[in-house]
Number of protein chains: 2
Amino acid sequence: MSSPSSTGRGRPPRLDRARTLQTALDLLDRSGLDALTMRQLAEAMEVRAGALYRYFATKQDLLTAMAERMMDGVADAAAEPCGGDWSERLTALARAMRTALLARRDGARVFAGTHSTGENILGFADTVVGVMRAAGFPDDDAARALYTVANFTVGHTLEEQAALQRGDAGPADPGVLADTVAAGKYPHLQAGLPTLTSTDFTRLFEFGLDLLIEGLRARR
Amino acid sequence: MSSPSSTGRGRPPRLDRARTLQTALDLLDRSGLDALTMRQLAEAMEVRAGALYRYFATKQDLLTAMAERMMDGVADAAAEPCGGDWSERLTALARAMRTALLARRDGARVFAGTHSTGENILGFADTVVGVMRAAGFPDDDAARALYTVANFTVGHTLEEQAALQRGDAGPADPGVLADTVAAGKYPHLQAGLPTLTSTDFTRLFEFGLDLLIEGLRARR
DNA sequence: ACCTGAACACCGTTCAAGT
DNA sequence: ACCTGAACACCGTTCAAGT
């Protein structure tokens with residue numbers, strides 16, 4: 001064990017993994033992913049950028065640890081609907097994942113850009129597959145359901161946070177879209193305009209999630 | 001009209017939007033998104049980086065144009081299943097989108113990071129909504145179906161290309177996962193291991209797409 | 001009109017040297 | 001053991017000046 005702060009020898013460290021991670025998450029919320037640089041983080045911790053590399057080998061490692069931490073407690077959502085069947089549990093898990101990503105600025109982008117193998121995501125994955133197996137789904141369908149729900153949730157939340165950051169009112173920007181569509185081309189988009197520019201991302205997410213659940217029900 | 005190369009005055013330009021865009025796409029395929037810098041692109045075009053800004057106001061604008069170009073012809077996929085019903089057409093459109101993103105290195109990342117309002121994506125969106133409306137779906141469900149299918153497709157392909165770039169054999173890396181899972185925790189992941197480490201991303205995509213189609217069928 | 005040269009204000013990362 | 005200082009090899013973007 002030659003990892004940092006292993007014994008009481010030497011100066012007490014001004015840095016540690018946990019505090020660095022927390023400061024990084026705070027900085028993410030304040031400034032967004034593009035402004036989350038090793039130098040800005042170092043400044044927030046009152047050290048030089050080089051010092052951070054004692055605790056995270058690369059910035060990618062830091063981002064992975066951030067993604068892992070975002071998923072803290074998400075798997076517990078399966079236990080919430082006590083008497084719930086598989087569909088209620090799976091719905092609760094997907095909602096909890098979206099909520100966790102939405103809870104931090106650029107949360108979906110951070111998650112999509114990393115590949116954690118920590119206990120929070122593995123625990124989440126195990127829980128989802130477990131719910132499906134307990135419901136009688138074969139192992140391969142249970143595994144595929146995990147990916148489908150997770151990929152949809154990430155894809156949706158990526159779009160949702162991007163639209164929020166762009167300042168769009170809803171899934172599509174009303175101003176831009178209305179002008180283009182009014183020209184006469186895209187008649188179907190014109191018909192869908194109220195929904196396309198609606199602000200209700202939650203309803204959009206629930207729609208897609210419901211499709212997946214119904215599709216799984218049909219397969220069972 | 002004071003845009004570049006408007007009249008025959010002055011030196012013939014060594015640069016233009018179309019050639020720059022094509023070179024950028026070629027460079028993307030050769031080097032990947034992280035190595036696609038304005039300086040590297042300029043070098044490939046034998047100019048200095050500053051010259052590119054006469055044709056694209058920002059790098060983000062260039063990436064948006066790249067994403068738009070990737071979607072070229074994707075909407076045509078709806079016409080392919082000639083006698084097909086809405087479900088076959090929607091399936092064809094989703095497959096065509098995934099194929100288009102897979103066709104270029106980091107295609108999904110480029111697409112997810114931009115927000116084109118060009119005729120290729122608007123045409124794609126209009127076509128998808130049109131297929132759903134023609135099938136009798138109400139306008140709001142048609143619009144939501146578009147987002148659900150698109151967000152799932154982007155989310156899936158993002159994961160697929162990330163796994164390919166990581167060199168994983170399948171959706172999850174066998175080596176890493178097998179070790180962690182063998183420890184005894186995550187019993188459900190252990191059961192799903194064959195599928196989780198399977199190399200068949202196409203099958204995974206088709207599974208999710210089928211769930212969405214079946215969910216839509218149930219709603220209609 | 002189109003491009004160069006040079007700068008501005010940054011990046012992630014490394015590593016000898018200090019304490 | 002832990003951090004600084006300084007460097008390396010880059011970024012995106014701007015803009016006066018050349019041709």
Side-chain angles (χ1 to χ4, degrees), chain A residues 1-21 23-24 27-28 30-67 106 109-110 113-115 165, chain B residues 1-21 23-24 27-28 30-67 106 109-110 113-115 165:
Chain A
M1 274 292 175
S2 65
S3 67
S5 62
S6 49
T7 65
R9 276 305 133 257
R11 221 180 317 289
R14 301 157 57 197
L15 244 39
D16 63 84
R17 252 191 155 253
R19 213 171 69 81
T20 305
L21 189 51
T23 309
L27 186 57
L28 179 69
R30 273 204 311 280
S31 313
L33 182 56
D34 293 334
L36 175 65
T37 68
M38 295 302 267
R39 285 164 202 266
Q40 286 297 312
L41 176 57
E43 190 172 314
M45 308 208 63
E46 295 180 296
V47 294
R48 304 295 152 192
L52 298 171
Y53 290 82
R54 192 166 300 274
Y55 301 93
F56 295 94
T58 63
K59 185 182 182 181
Q60 191 61 34
D61 278 18
L62 172 65
L63 289 168
T64 301
M66 291 169 72
D106 294 326
R109 260 171 84 200
V110 171
T114 56
H115 178 59
Q165 200 149 344
Chain B
M1 274 293 175
S2 65
S3 67
S5 63
S6 49
T7 66
R9 276 306 133 258
R11 219 178 319 287
R14 302 157 57 197
L15 245 38
D16 64 83
R17 249 189 158 256
R19 214 172 68 82
T20 306
L21 189 51
T23 309
L27 186 57
L28 179 69
R30 273 204 311 280
S31 314
L33 182 55
D34 294 333
L36 176 65
T37 68
M38 295 303 266
R39 286 164 200 265
Q40 286 296 312
L41 176 57
E43 190 173 314
M45 309 209 63
E46 295 180 295
V47 295
R48 304 295 152 192
L52 298 172
Y53 289 82
R54 192 166 301 273
Y55 301 93
F56 295 94
T58 62
K59 185 182 182 182
Q60 190 60 34
D61 277 19
L62 171 64
L63 290 169
T64 301
M66 292 169 72
D106 294 326
R109 259 171 84 200
V110 171
T114 57
H115 178 59
Q165 199 148 345

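The sequence lines fix the lettering, A, B, ..., with proteins before strands; numbering per chain opens at 1. In what follows, every heavy atom counts, from backbone to side chain, and hydrogens, waters and symmetry copies are set aside.
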Pair up each side-chain donor or acceptor in residues 39-53 of chain B with any protein partner under 3.5 Å, not counting sequence neighbours, and list the distances.
none

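Side-chain contact between A:R54 and A:T20 is absent, with no heavy-atom pair separated by less than 4.5 Å.
Toward the 5′ end of DNA chain D lies the nearest nucleotide of A:G50, the other residue of the pair A:G50 and B:A57 mapping further downstream.
Here C:dC3 presents its P atom at 10 Å from CG of B:L52, a figure rounded to the nearest Å. Atom P of nucleotide C:dT4 and atom CD of B:E43 are separated by 13 Å, given to the nearest angstrom. A:R54 has its CZ atom 13 Å from the C1' atom of C:dA17, to the nearest Å. In this structure, the CZ atom of A:F56 is 15 Å from the P atom of C:dT14, given to the nearest Å.
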### Task
For the pair B:L36 and B:L63, evaluate side chain to side chain contact (heavy atoms under 4.5 Å, CB included) and give the outcome as yes or no after the intermediate values.
CA-CA 10 Å; B:L36 176 65; B:L63 290 169; 4.1 Å; yes

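Note that the CZ atom of B:F56 and the CG atom of B:L21 stand 5.0 Å from one another [nearest 0.5 Å]. Rounding to the nearest 0.5 Å places CD of B:Q165 at 7.0 Å from CG of B:D34.
On the C1' atoms, D:dA9 is 13 Å away from C:dC10, given to the nearest whole Å.
Looking at residues two or more places apart in sequence or on another chain, you find a side chain to side chain donor-acceptor pair (under 3.5 Å) between B:T58 and B:D61. B:T64 meets the side chain to side chain contact (heavy atoms under 4.5 Å, CB included) test with B:Q60, B:T114, B:S116; sequence neighbours excluded.
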#### Entry: Bracket notation of DNA chain C in which parentheses pair within the strand, [ ] cross earlier pairs, and | pairs with another strand (Watson-Crick or G-U, under 3.5 Å)
||.|||||...|||||.||

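For B:Y55 and C:dA1, the shortest distance from a side-chain N or O to OP1 or OP2 is not below 4.0 Å. Contact annotation: B:R14 side-chain N/O to C:dT4 OP1/OP2 distance is under 4.0 Å. Phosphate contact (OP1/OP2 of C:dG5, side-chain N/O of B:R48, threshold under 4.0 Å): present.
Taking both residues in full, the closest heavy atoms of A:L62 and A:A24 are given as CD1-CB, 4.1 Å, listed atom of the first, atom of the second, then distance.
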Using a cut-off of under 3.5 Å, enumerate the N/O to N/O pairs linking the protein to nucleotides 9-12 of chain C.
from   : atom 1 : to    : atom 2 : distance (Å)
C:dC11 : OP1    : A:T37 : OG1    : 3.2
C:dC11 : N4     : A:R39 : NH2    : 3.4
C:dG12 : OP1    : A:M38 : N      : 3.3
C:dG12 : OP1    : A:K59 : NZ     : 2.9
C:dG12 : OP2    : A:M38 : N      : 2.9
C:dG12 : N7     : A:R39 : NE     : 3.4
C:dG12 : N7     : A:R39 : NH2    : 2.8
C:dG12 : O6     : A:R39 : NH2    : 2.4

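A:R109 places no side-chain N or O within 3.5 Å of a backbone atom of B:G113 that could act as its donor or acceptor partner.
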